[in-house]
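Structure first, then comments.
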Amino acid sequence: MDVGAHYLEDLIELFEKQKALADRAIAQVSDDELFRTIDEESNSIAVIMRHVGGNLRSRFTDFLTSDGEKPHRNRDGEFEMPSGTTREAVITDWDSGFARLLGALRELAPDDLLRDVYIRGERHTVVQALDRSITHLAYHVGQIVFLAKHLRSSNWRTLSIPRGQSSTYPPKQS
């Protein structure tokens, strides 16, 4: 396998793991907690999910052939929650962004990695755009996990090695 093919396979796995991590945190919060903000300047988990879904749909629709910031995208609107929005609607929006992302990634070939793409008129190689996207996603997944853990407090179920139990999780054998 060449480096480009390995990079693409690894990146797909990283995006899937980030989504799974967020999904496991989201599953722990109630509907009320999903839409709750912790202060005036904070975003709710639902708002973060809407933003990520919108970002992924914009960036990965016609990824190689059009600017990643689509004219029809209302980024500012992603940070507002329309009255009556349901958990199901937010999850559908979130999932559709990931479907678009993963579909676009699976269409890429190693030869595409050094092609130019544009985001807000700024030139990036495909590698740079993909690295920018996984970094952006990881930032927001961290926010989602933090908020879910904060909101669930003592009812939180850890997503990794439980506190104080590191020694019971030895490194995997090769």
Side-chain angles (χ1 to χ4, degrees), residues 1-27 34 37-38 41-81 85 89-150 159-161 171-172 174:
M1 174 184 303
D2 71 19
V3 172
H6 175 72
Y7 171 75
L8 289 170
E9 284 181 19
D10 186 56
L11 197 64
I12 289 169
E13 185 176 327
L14 288 172
F15 275 109
E16 290 173 334
K17 284 181 177 180
Q18 286 293 305
K19 182 180 187 303
L21 182 66
D23 285 345
R24 289 179 19 234
I26 292 160
L34 184 73
T37 57
I38 59 174
E41 291 299 314
S42 295
N43 293 312
S44 67
I45 294 171
V47 164
I48 297 167
M49 292 170 68
R50 280 174 44 92
H51 167 62
V52 168
N55 175 273
L56 294 176
R57 278 188 305 282
S58 183
R59 296 293 184 264
F60 292 97
T61 297
D62 304 322
F63 176 60
L64 294 175
T65 58
S66 69
D67 192 289
E69 187 64 19
K70 304 298 183 278
H72 62 272
R73 180 180 182 204
N74 179 6
R75 183 184 179 280
D76 291 336
E78 294 165 8
F79 293 94
E80 299 168 2
M81 190 56 60
T85 302
V90 172
I91 290 172
T92 296
D93 193 44
W94 164 261
D95 287 344
S96 74
F98 279 94
R100 182 64 50 96
L101 159 75
L102 294 170
L105 289 178
R106 289 184 175 107
E107 291 178 6
L108 292 175
D111 289 345
D112 293 324
L113 294 175
L114 295 178
R115 288 179 62 177
D116 288 341
V117 294
Y118 292 84
I119 302 171
R120 295 180 176 262
E122 181 182 343
R123 186 186 67 77
H124 297 72
T125 63
V126 168
V127 168
Q128 290 170 319
L130 295 175
D131 289 348
R132 174 178 169 160
S133 186
I134 191 68
T135 301
H136 178 253
L137 177 63
Y139 169 79
H140 287 304
V141 168
Q143 291 177 319
I144 289 168
V145 171
F146 171 82
L147 286 168
K149 185 175 182 178
H150 171 78
L159 303 177
S160 62
I161 299 170
K172 290 183 179 179
S174 298

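No experiment lies behind these values; they were computed from the predicted model shown. Hydrogens, waters and symmetry mates play no part in the numbers below; they use all other heavy atoms, side chains included.
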Task: Ion pair Arg57/Glu69, N-O distance below 4.0 Å - done: no
Task: Carboxylate-amine/guanidinium proximity below 4.0 Å for Lys70 and Asp62 - done: no
Open item on the list: Assess, by modelled atom type and distance only, whether the side chains of Gln143 and His140 contain a donor and an acceptor separated by less than 3.5 Å.
Closed with: yes
TODO: Please check if any side-chain donor atom of Arg59 sits under 3.5 Å from a side-chain acceptor atom of Ser133, or the reverse.
DONE: no
- [ ] First locate atom CG of Asn55, then atom CZ of Arg100, and finally report the distance between them rounded to the nearest 0.5 Å.
- [x] 13.0 Å
Open item on the list: What I want to find out is whether Glu80 reaches Arg50 closely enough, with some N-O distance under 4.0 Å, to be called a salt bridge.
Closed with: no
- [ ] State, with a plain yes or no, whether a side-chain heavy atom of Val126 is found less than 4.5 Å away from one of Phe63.
- [x] yes
Task: Side-chain heavy-atom pair Ile144, Trp94 within 4.5 angstrom cut-off - done: yes
TODO: Flag the pair Tyr7 / Leu108 as yes when at least one side-chain heavy-atom distance between them is below 4.5 Å, and no otherwise.
DONE: no
- [ ] Could you tell me whether Tyr118 and His124 have their ring centroids closer than 6.0 angstrom?
- [x] no
Open item on the list: Any donor-acceptor pair under 3.5 Å linking the side-chain atoms of Arg115 with those of Thr125?
Closed with: no
TODO: Would you indicate whether the side-chain heavy atoms of Phe60 and Leu130 approach each other to under 4.5 Å?
DONE: yes
